[in-house]
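In what follows, every chain begins at residue 1, and chains take the letters A, B, ... in the order their sequences are listed. Given the structure is predicted, the values throughout are model-derived calculations rather than measurements.
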There are 2 protein chains.
Amino acid sequence: MLTIGTLAKRTGTKVQTVRYYEQVGLLPEPDRTEGGQRRYGDSDLDRLAFIRHARQLGFTLEAIRELLDLSDNPNRSCEDVDRIAHHQLKEVEVRITRLEALRKELTRMLGECSGDTVADCRVLEVLRDHAACLTDHGQGA
Amino acid sequence: MLTIGTLAKRTGTKVQTVRYYEQVGLLPEPDRTEGGQRRYGDSDLDRLAFIRHARQLGFTLEAIRELLDLSDNPNRSCEDVDRIAHHQLKEVEVRITRLEALRKELTRMLGECSGDTVADCRVLEVLRDHAACLTDHGQGA
DNA sequence: CTTACAAGCTACAGTCGGTAGAGGTTCAAG
DNA sequence: CTTGAACCTCTACCGACTGTAGCTTGTAAG
Ligand SMILES: [Zn+2]
Ligand SMILES: [Zn+2]
Ligand SMILES: [Zn+2]
Ligand SMILES: [Zn+2]
């Protein structure tokens with residue numbers, strides 16, 4: 001039986017985060033000592049390691065919830081699993097595309113700035129006027 | 001004099017967002033009609049357009065606040081401006097690097113999956129065991 | 001057996017950058 | 001004068017945690 005601190009350390013998680021995952025239903029409510037402290041077993045360790053690894057790969061908690069549900073049915077086709085992973089891949093690719101456009105614009109405006117006064121700063125000029133940009137940069141950060 | 005709705009429309013912003021920017025001190029408190037409605041001038045239009053464009057390029061509101069402050073001193077050197085933009089560029093590059101590693105792992109695990117049962121799904125196998133990965137993928141999403 | 005203290009507990013606030021809704025008021029056109 | 005879109009304030013919510021305050025529990029040494 002593991003304490004929450006040991007479980008957290010073994011999976012590279014913060015203690016509060018473990019409690020948070022329990023709160024949102026990703027981890028089951030564990031056994032408690034008489035005094036009310038949580039005690040975990042190996043299945044909790046595996047489950048939490050899975051969650052953390054999926055998070056590192058960018059899956060949302062909602063997607064992870066689905067993946068965990070699916071992995072409880074070993075005989076089913078894995079097409080839903082692969083669909084979720086494929087969706088995640090697409091999201092990553094969209095973000096890369098956007099960020100590469102941003103990199104280009106930022107590199108360009110910095111390269112064009114003479115480093116003189118604020119009044120002449122090319123960076124500020126571009127920020128004031130999107131017409132000075134080469135790309136659209138649609139929504140959000 | 002512009003209403004908040006017109007100002008929002010001209011800058012591609014939501015009305016609530018304009019009020020939010022005022023609340024966090026990025027936009028000055030505008031004049032009001034007798035009835036208490038906000039009325040904006042052209043300087044507000046310029047300032048909001050600047051904010052929105054900088055957001056599209058991924059700058060944080062905190063960075064934008066600094067940029068706006070700096071642009072009020074036209075005679076100063078623009079080195080602080082360029083430093084902020086350079087920092088933003090670095091951040092974008094870090095994110096791209098991380099996302100490219102994720103893309104690689106996701107592509108690989110999807111490519112290795114035979115699409116058979118959940119019990120054999122390569123995607124789930126990899127998620128269960130980071131040792132099956134080629135890269136580290138450090139922190140967070 | 002007592003004491004000390006690390007580690008646990010709950011509950012709540014804050015992060016970032018907005019977004020949505022409730023419930024009420026004002027403006028401008030007809 | 002009436003209508004109704006647009007405005008107002010206030011509050012709560014999103015994701016995925018993180019941090020703090022103020023207690024309580026578990027454990028090991030003396
Ligand atoms: Zn410059
Ligand atoms: Zn632009
Ligand atoms: Zn599969
Ligand atoms: Zn991995």
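- When the nearest nucleotides of DNA chain C are assigned to B:Gly35 and B:Thr60 by heavy-atom distance, the more 5′-ward of the two goes with B:Thr60.
- When the P atom of C:dC16 is taken as reference, atom CG of B:Leu26 falls 12 Å away, rounded to whole Å.
- Phosphate contact (OP1/OP2 of D:dC17, side-chain N/O of A:Tyr21, threshold under 4.0 Å): present.
- Between B:Glu62 atom CD and C:dT15 atom P the separation is 12 Å, expressed in whole Å.
- The interatomic distance linking A:Gln23 (CD) with D:dT18 (P) rounds to 14 Å, in whole Å.
- Checking D:dA16, D:dC7, D:dG26 against the side-chain heavy atoms of B:Gln37 singles out D:dC7 as nearest.
- Rounding to the nearest 0.5 Å gives a distance of 8.5 Å between OG of A:Ser114 and CG of B:Asp82.
- A salt bridge links B:Lys90 to B:Glu93: at least one charged side-chain nitrogen sits closer than 4.0 Å to a carboxylate oxygen.
- For B:Thr17 and C:dT19, the shortest distance from a side-chain N or O to OP1 or OP2 is below 4.0 Å.
- Going from atom CG of A:Leu7 over to atom C1' of C:dG8 covers 14 Å, rounded to whole Å.
- Contacts of B:Arg52 with the nucleic acid, taken as non-hydrogen atoms under 4.0 Å apart, involve only primed sugar atoms and P, OP1 or OP2.
- When the nucleotides C:dG17, C:dC9, C:dA28 are ranked by their closest atom to the side chain of A:Ile4, C:dC9 comes out on top.
- A salt bridge links A:Arg108 with A:Glu105; the closest basic N to acidic carboxylate O contact falls under 4.0 Å.
- Ranked by how close their nearest DNA chain C nucleotide is to the 5' end, B:Thr3 and A:Thr3 are led by A:Thr3.
- Using a cutoff of 4.0 Å between basic side-chain nitrogens and carboxylate oxygens, B:Arg19 and B:Glu22 are not scored as salt-bridged.
- Comment: A:Arg47 does not engage A:Asp44 in a salt bridge, judged by the lack of any side-chain N to carboxylate O separation of less than 4.0 angstrom.
- Taking the nucleotide of DNA chain D with the nearest heavy atom to each of B:Lys9 and B:Arg32, the more 5' of the two is matched to B:Lys9.
- Distance CZ (B:Arg39) to P (D:dC8): 8 Å, rounded to an integer number of Å.
- Taking the side chain as every heavy atom from C-beta outward, B:Leu48 and B:Tyr40 never approach each other to under 4.5 Å.
- Of all nucleotides listed (C:dT19, D:dC7, D:dT18), D:dT18 comes nearest to the side chain of A:Gln16.
- The interatomic distance linking A:Glu34 (CD) with C:dC9 (P) rounds to 16 Å, in whole Å.
- Not one side-chain nitrogen or oxygen of B:Arg38 sits closer than 4.0 Å to the OP1 or OP2 atom of D:dC7.
- Protein atom CD of A:Glu22 is 12 Å distant from nucleotide atom C1' of C:dT10, rounded to whole Å.
- Rounded to whole Å, atom C1' of D:dC13 lies 14 Å from atom OH of B:Tyr20.
- Using a 4.0 Å heavy-atom distance criterion, B:Arg19 is classed as a base contact.
- Distances shorter than 4.0 Å separate none of the side-chain N or O atoms of A:Lys14 from OP1 or OP2 on D:dA16.
- If you find the closest nucleotide of DNA chain D to A:Leu61 and to B:Thr6, the one lying nearer the 5' end belongs to B:Thr6.
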